[in-house]
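Structure, as structure tokens:
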Amino acid sequence: MIDCHAHVFSADAPAIAGARYRPAYAARLEDWKEAWREYEITHGVLVQPSFFGANNREMLEAIATDPRHLRGVAVVDAGINDSQLDHLDAGGVCAIRWNLKGVPDYRAYASAAWRGVLARIHERGWHLEIYVDHGRLAAIEPALVGSPVAVVFDHFGNPGVEEASVRVTFSAVERLLDQREVWVKLSAPYRLGAIDDAEWFADRWLEIAGPTRLVWGSDWPYTAFEANASYGLMLRALDRWIEPDVRDAVLWDNACLLYTSDAADE
């Protein structure tokens, strides 16, 4: 099985200015892997913590300890150059992430600089992962116009809990599906604003995106929600959200296709 969303970080590396939350503890790779052994996880994807910004050093160091079983999703600046992208690629990175939580205006991501970044990651076979504020997925559509880059929406696409925002979110993804591959990560239900809706959201994403475009992530160590989640709880939740035949695809086939071809051969 593959866990497609987790974070590792030290306790003392400084956060970027304006970080919303910086845990006082360390999330160690070996502790994450201890959960792997208990729940039969064999591969994982590390997502750059938002509080480190574009300094991906700790994530790359973690991947370097086990490059056969780990991949990374980096945070980069719009001015990143090809040699820097090559460095990330060599370090096991296969995607970049836009964490738009708390960003009031998404229009800057439609700039020529960002369009150039999307073109270059698409050429490398990477994808773009996006985390939006509640109900604001449709607002990022203009930044994707003209680019065929595959997109993964983290944490159920964060549709919000209002009927109108949910409807707009699903409509936006249906439009995007006409232009590119779109994936949805079934993860962090406690970030949705209405955890009881997670099963309903999973059912709707299964209908809209299809069973081959869903992946799962634990969101370990559940930053800012440490008391609300555990590995076992998140896997049992997945059992409620989807049927067993789809679960197998979500936890292995889909994740292999999205993040790595190597895992499928092991």
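Quick caveat, the model's predicted, so the values are computed rather than measured. Numbers here simply count residues along the sequence, with the first being 1.
Remark: the backbone N or O of Lys101 is not paired with any side-chain donor or acceptor of Asp133 at under 3.5 angstrom. Judged by distance alone, the side chain of Asn56 and the main-chain N or O of Val75 form a donor-acceptor pair under 3.5 Å. Judged purely by atom type and a 3.5 angstrom limit, Asn81 uses its side chain to pair as donor or acceptor with the backbone of Gln84. Under the 3.5 Å distance criterion, the side-chain polar atoms of Arg71 are left unmatched by any main-chain donor or acceptor of Val45. Arg22 places a side-chain N or O within 3.5 Å of a backbone atom of Ala13 that can act as its donor or acceptor partner. Of the possible donor and acceptor atoms, none in the side chain of Glu174 sits under 3.5 Å from a partner among the backbone N and O of Ala209. A distance-only check finds a donor-acceptor pair linking the side chain of Asn158 to the backbone of Val132 [under 3.5 Å]. With hydrogens and angles disregarded, no donor-acceptor distance shorter than 3.5 Å links the side chain of Arg68 to the backbone of His43. One N or O on the side chain of His7 and one on the backbone of Val47 form a donor-acceptor pair closer than 3.5 Å.
With rounding to the nearest 0.5 angstrom, the CZ atom of Arg97 is 10.5 Å from the CD1 atom of Ile130. For the atom pair CD1 (Ile41) and CD (Glu34), the distance works out to 13.0 Å, reported to the nearest 0.5 Å. In this structure, CZ in Arg120 is found 9.5 Å from CG in Asp86, a value given to the nearest 0.5 Å. Atom OG of Ser111 and atom CZ of Arg115 lie 8.0 Å apart (nearest 0.5 Å). Of the inter-residue distances, the one linking Leu29 atom CG with Leu46 atom CG reads 6.5 Å to the nearest 0.5 angstrom. Rounding to the nearest 0.5 angstrom, the gap separating the OG atom in Ser187 from the CH2 atom in Trp220 is 16.0 Å.
Contact detail for Val149 and Arg180: the closest heavy-atom pair is O-NH1, 3.0 Å. The heavy-atom pair separating Ala95 from Glu129 by the smallest distance is CB-CG, 4.4 Å. Across all non-hydrogen atoms, the minimal contact from Ala172 to Leu137 is CB-CD2, 3.8 Å. Of all the heavy atoms in Ala198 and Pro189, the pair that sits closest is CB-CB, 3.8 Å. For the pair Gly193 and His134, the tightest heavy-atom approach, listed with the atom from each and the gap, is N-NE2, 4.0 Å. Leu177 and Ile208 get closest at one heavy-atom pair: CD1-O, 3.5 Å.
The shortest side-chain heavy-atom distance between Leu118 and Leu144 falls under the 4.5 Å cut-off. For the pair Leu251 and Ile2, the minimum side-chain heavy-atom distance is 4.5 Å or more. The shortest distance between side-chain heavy atoms of Leu128 and Val152 does not fall below 4.5 Å. In this structure, the side chains of Arg213 and Leu257 come closer than 4.5 Å at one or more pairs of heavy atoms. In this structure the side chain of Leu192 never reaches within 4.5 angstrom of the side chain of Val161, judged on heavy atoms. Under the 4.5 Å side-chain criterion, counting only non-hydrogen atoms from C-beta, Val184 is not in contact with Phe201. Taking the side chain as every heavy atom from C-beta outward, Arg136 and Leu100 never approach each other to under 4.5 Å. For the pair His122 and Pro148, the minimum side-chain heavy-atom distance is below 4.5 Å.
Counting only residues at least two apart or in different chains, salt bridge (charged side-chain N to carboxylate O under 4.0 Å, His left out) contacts with residues 42-64 comprise Arg57-Glu61. The salt bridge (charged side-chain N to carboxylate O under 4.0 Å, His left out) contacts involving residues 215-233 comprise Arg191-Asp219, where partners must be two or more places apart or lie in separate chains.
Side-chain polar atoms of Asp66 and His69 form a donor-acceptor pair below 3.5 angstrom.
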Practice prompt. Applying side chain to side chain contact (heavy atoms under 4.5 Å, CB included), run through Trp126 and Val93 and close with a yes or a no.
Written response: CA-CA 8 Å; Trp126 294 13; Val93 168; 3.7 Å; yes
Worksheet item: Going through the distances and angles, do Asp89 and Arg124 end up as a salt bridge (charged side-chain N to carboxylate O under 4.0 Å, His left out)?
Response: CA-CA 8 Å; Asp89 191 81; Arg124 286 170 166 79; 5.4 Å; no
Fill in: Candidate pair Ile96 and Val117, rule side chain to side chain contact (heavy atoms under 4.5 Å, CB included), full reasoning
CA-CA 10 Å; Ile96 67 169; Val117 173; 3.9 Å; yes
Discussion item. Would Trp32 and Tyr231 count as a side-chain hydrogen bond (donor to acceptor under 3.5 Å, both in side chains) here? Give the steps.
Written reply: CA-CA 9 Å; Trp32 181 37; Tyr231 229 88; 3.3 Å; yes
Worksheet item: Run the side chain to side chain contact (heavy atoms under 4.5 Å, CB included) check on Val182 and Arg175 step by step: do they pass?
Response: CA-CA 10 Å; Val182 178; Arg175 289 191 297 272; over 6 Å; no
Discussion item. Determine whether Thr212 and Asp253 satisfy the following criterion, side chain to side chain contact (heavy atoms under 4.5 Å, CB included), listing intermediate values before the conclusion.
Written reply: CA-CA 8 Å; Thr212 63; Asp253 297 333; over 6 Å; no
Practice prompt. Dump the intermediate steps for side-chain hydrogen bond (donor to acceptor under 3.5 Å, both in side chains) on Asp3 and Ser218, then the final yes or no.
Written response: CA-CA 6 Å; Asp3 181 350; Ser218 66; 2.5 Å; yes
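Aromatic pair His5/Trp216: centroids not less than 6.0 angstrom apart. Remark: aromatic rings of Phe156 and Trp205 are distant, center separation not under 6.0 Å. For His127 and Tyr259, the ring centers are positioned less than 6.0 Å apart.
Val145 belongs to no hydrophobic cluster, as no Ile, Leu, Val, Met, Phe, Trp or Tyr side chain comes under 4.5 Å of its own. Under the 4.5 angstrom side-chain criterion for Ile, Leu, Val, Met, Phe, Trp and Tyr, the cluster partners of Tyr21 are Phe9, Tyr25, Phe51, Phe52.
Counting heavy atoms of neighbouring residues, nucleotides and ligands inside a 6.0 Å radius, atom NE2 of His87 does not exceed 12 of them. Heavy atoms from other residues, nucleotides or ligands lying under 6.0 Å from CD of Glu163 number 12 at most.
Residues Arg236 and Asp239 are not paired through a salt bridge, judged by the lack of any N-O separation under 4.0 Å between the basic side chain and the carboxylate. One finds no salt bridge joining Lys33 and Glu30 here, because no Lys/Arg side-chain nitrogen approaches an Asp/Glu carboxylate oxygen to under 4.0 Å.
Taking hydrophobic clusters as Ile, Leu, Val, Met, Phe, Trp and Tyr residues chained together by side-chain heavy-atom distances below 4.5 Å, Ile16 does not share a cluster with Leu60. The hydrophobic cluster containing Ile242 also contains Leu233, counting ILVMFWY residues as joined when their side-chain heavy atoms lie under 4.5 angstrom apart, directly or transitively.
Listed by chain and number, the residues in a salt bridge (charged side-chain N to carboxylate O under 4.0 Å, His left out) with Arg107 are Asp105 (sequence neighbours excluded). Applying the side-chain hydrogen bond (donor to acceptor under 3.5 Å, both in side chains) rule to Tyr131 yields no partners; only residues at least two apart in sequence or on another chain are considered.
Looking at Trp114, Tyr106, Phe153 one by one, the single match for ring pair (Phe, Tyr, Trp, His ring centres under 6.0 Å) with Trp98 turns out to be Trp114.
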